[in-house]
Amino acid sequence: MAETHYHICPRNCYDTCSIISTTHKGRLIAIEGNPAHAYTKGKLCAKVMDEIHKVYSPQRVKYPLRQRKRFSGQWERISWEEALTIISEQILAIKDSYGTTLPIAHNKYSGNFGILHNALEAFMTGLGPTTRAVGSPCWSAGVEAQAYDMGAFFCSDPLDMEGSKLIWIWGANPAWNAVHQMPIIFRAMERGAKVVCFDTHFSATAARVHEFVQVKPGTDGLLALGIAKVIVEQGLVAPDIEEYSLGHEQFITYLKENIDLQECAEATGVALDVIKKLAMDYGTIKPACIWVGFGLQRYSNGGQNLRAIDALGALTGNIGIPGGGVQYGHFESWRYAGPLAHDRLGHPQDRQLDINQFAPLARKAEPPIKMLWLASRNPLQQDGNQEEWRELLKTLSLIVVSDLFHTSTSACADIFLPVTTHYEHWDLNSSYWHYYVGINEPAIEPVGEARSDLQIAWDLSKRLNELRPGTSAFPTEGSEQEAVWQALGPEMLELLGIDSPKELLKGPRRVNFPATAWQDRKFRTPSGKYEFYSARAAEQGLPALPIYKPPLKPPADTPLRLLTPHHYARLNSQAYAVAAEDNEGGNYGSLIYKARINPATAQAYGLKSGDKAFLWNRGGSLPVIIELEQSIGQDVVIIYQENLTNPKGLYLNQLNLGVLTDMGKFATGAYGLALNETFVGIRKEV
């Protein structure tokens, strides 16, 4: 008899979809969207549609493995008892040798956002002080920018956008990457809203809205400041601005004295008359909403870009009104309790290393890092500083990777631990975009000998304490379901309007926040106001005002800027081959990226569509196939992240030299990764 089960997609994605699975005789046979979810409404994106294949893929690792020699591919199956003993003995040896557990490092990020996936961090905390990767490669500069401006990054309920009369989608591509927002935007359009897409190239979203504004990469902040100057000149500043903001006079003075509109037009590539028209629209049409994507803050001036765009919302009084605001993201519905809560994971004496500089910092660490556990990420494919990573690996005594499939990173591991998918374990998930929280329940038994992160943490704690009692303070057994109930503490229950955690089993629920962020215009800044002038930014050595800082200029020998937007069907390196023949004989297939360039650029380099070429810089050389696209700037190369599972293949981030953003450390513990400050040369394959 068929049974249904409810799940929440745990990917690092705006939509955090509600899913219904169907099983028959213990096997997953169907996946569909949950129509009862008020945001996702029964629809799923392309990233989810092949999940049954992922669960049962012949390439999925189903048993613990030990590699005879790193990068050799000579894996042998071992028992969980053997794997746990090897790891436990290494932990004890490190503690005996160094008198501390600091040489044990954990590097994890967003491969799975479920709260129960914090178990390994909690386990590490139970050992004592360890080394942790902190920060984010994704959005740190923007998070910090909004922390300076408003005290926290907090977006309105995305359904609130339907009431907007003007929507600016700035550096986001929801038609591909946040598909459940598009119907809301379309409904706003049907009600008369004007929608404008700002981007570096003509995207799928740009094709679906009223107007496209092409912005030269990294100049978004200058464009926002130019628009702000026109708003000031035309007397369109909110009349009550003094009541809710701090430093608007200094900001207006800066605009008048430092922003030249003609220079702004030339630098941004946006014509002066377009700048003026944009300003008149934004200054006169209310409510007006700006949705800021993550891409425009992935520059060396990324935080300043977002602060300038925030300033537009504050200058015109659009922040705090229904249908208005500057939307980026939020963590307001992540207020979990219990030992797996984010604010309880660290040890006071932990050594924290910037996730985007992890390898170079780890190489210099004293006492040295000797054991590294990599989970929920793929740094040997996704990080910059790849040469530093290769050098770090040579110094480590034990490398553990827990994952579903072999990756570029697992190729360096000594021990591979197979983990469960979200169809095989309990979990709890919140969105960083919409306001819904939901429980993920298991539908099937774990495939093979896969175990959840929480089960692995319990089992490892038990094995450690068997070898040396008292070594681990983390529990040695428990119930995943009870761990979910524990994470839903009194604050979350009140926010969700329920008396018992079990009520969430009926389906995802919306937290009881007002639909409009900052609707009372009481901000979490030191002044309680929106801060054009931020003393906290100045304390961090940053400009107190949102001023323009230009992006980096390309070196003469690598003059093309490489941009790598997300693909509609892929998320970073989360892509899984499913054909049985791909796994036989170690054949992982081919991987060659499509490099999209302007026809004029192709002509300058003697290239045509379909040609094979190489992108190169001092990080390495990447083979590509040329495709022509008229909307791409002549100094830009665009490659969508169409990754395949190919541990032996070349990958985009070997060209990423690890340039950092201007902000992030104050808000997230580390500067962001300026992915869009990657410069390359191009040459035809001969």
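In this text, all values refer to a predicted model and were calculated from it rather than measured experimentally.
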Exercise. What residues, two or more places apart in sequence or in another chain, satisfy salt bridge (charged side-chain N to carboxylate O under 4.0 Å, His left out) together with E332?
Worked result: R335, R524

Problem set entry | Passing candidate, ring-ring contact (aromatic ring centres under 6.0 Å, His included) with W291, options W433, W168, F198 | W433

Exercise. For Y336 and E491, does a side-chain donor sit closer than 3.5 Å to a side-chain acceptor?
Worked result: no

For this session: For this output row, return yes or no: ring centroids of Y593 and Y640 closer than 6.0 angstrom.
Result: no

Exercise. Under the side-chain hydrogen bond (donor to acceptor under 3.5 Å, both in side chains) test, which residues partner E233, sequence neighbours left out?
Worked result: none

Exercise. So, W334 versus H342, ring centres under 6.0 angstrom or not?
Worked result: yes

For this session: Please name all residues satisfying salt bridge (charged side-chain N to carboxylate O under 4.0 Å, His left out) with R298, sequence neighbours left out, ordered by chain then number.
Result: none

Problem set entry | Ring centres under 6.0 angstrom apart (Y530, W518) | no

Exercise. So, E190 and R187, do they make that salt bridge, N to O below 4.0 Å?
Worked result: no

Seminar exercise, completed: Hits for salt bridge (charged side-chain N to carboxylate O under 4.0 Å, His left out) against D240, two or more places apart or cross-chain, chain-then-number order -> R521

Exercise. Is the distance between the ring centroids of H117 and H422 less than 6.0 Å?
Worked result: no

Exercise. What residues form a side-chain hydrogen bond (donor to acceptor under 3.5 Å, both in side chains) with K229, not counting sequence neighbours?
Worked result: none

For this session: Look at R307 together with D149 and state whether they make a salt bridge at an N to O cut-off of under 4.0 Å.
Result: yes

Problem set entry | Student check: side-chain heavy atoms of N318 and K286 closer than 4.5 Å | yes

Exercise. Who are the ring-ring contact (aromatic ring centres under 6.0 Å, His included) partners of H330, not counting sequence neighbours?
Worked result: Y435

Exercise. When you look at D199 and Q214, which way does the side-chain hydrogen bond (donor to acceptor under 3.5 Å, both in side chains) test go after all the steps?
Worked result: CA-CA 5 Å; D199 213 326; Q214 187 163 15; over 6 Å; no

Problem set entry | Modelled atom types, side-chain donor and acceptor of T40 and D15, under 3.5 Å | no

Exercise. Regarding Y109 and S136, is there a side-chain donor-to-acceptor distance under 3.5 Å anywhere?
Worked result: yes

Exercise. Considering residues, nucleotides and ligands other than K276, do more than 12 of their heavy atoms fall under 6.0 Å from its NZ?
Worked result: no

Exercise. Do the non-hydrogen side-chain atoms of T316 and L312 ever get within less than 4.5 Å of each other?
Worked result: no

Exercise. Is the shortest side-chain N to carboxylate O distance from K277 to D281 below 4.0 Å?
Worked result: yes

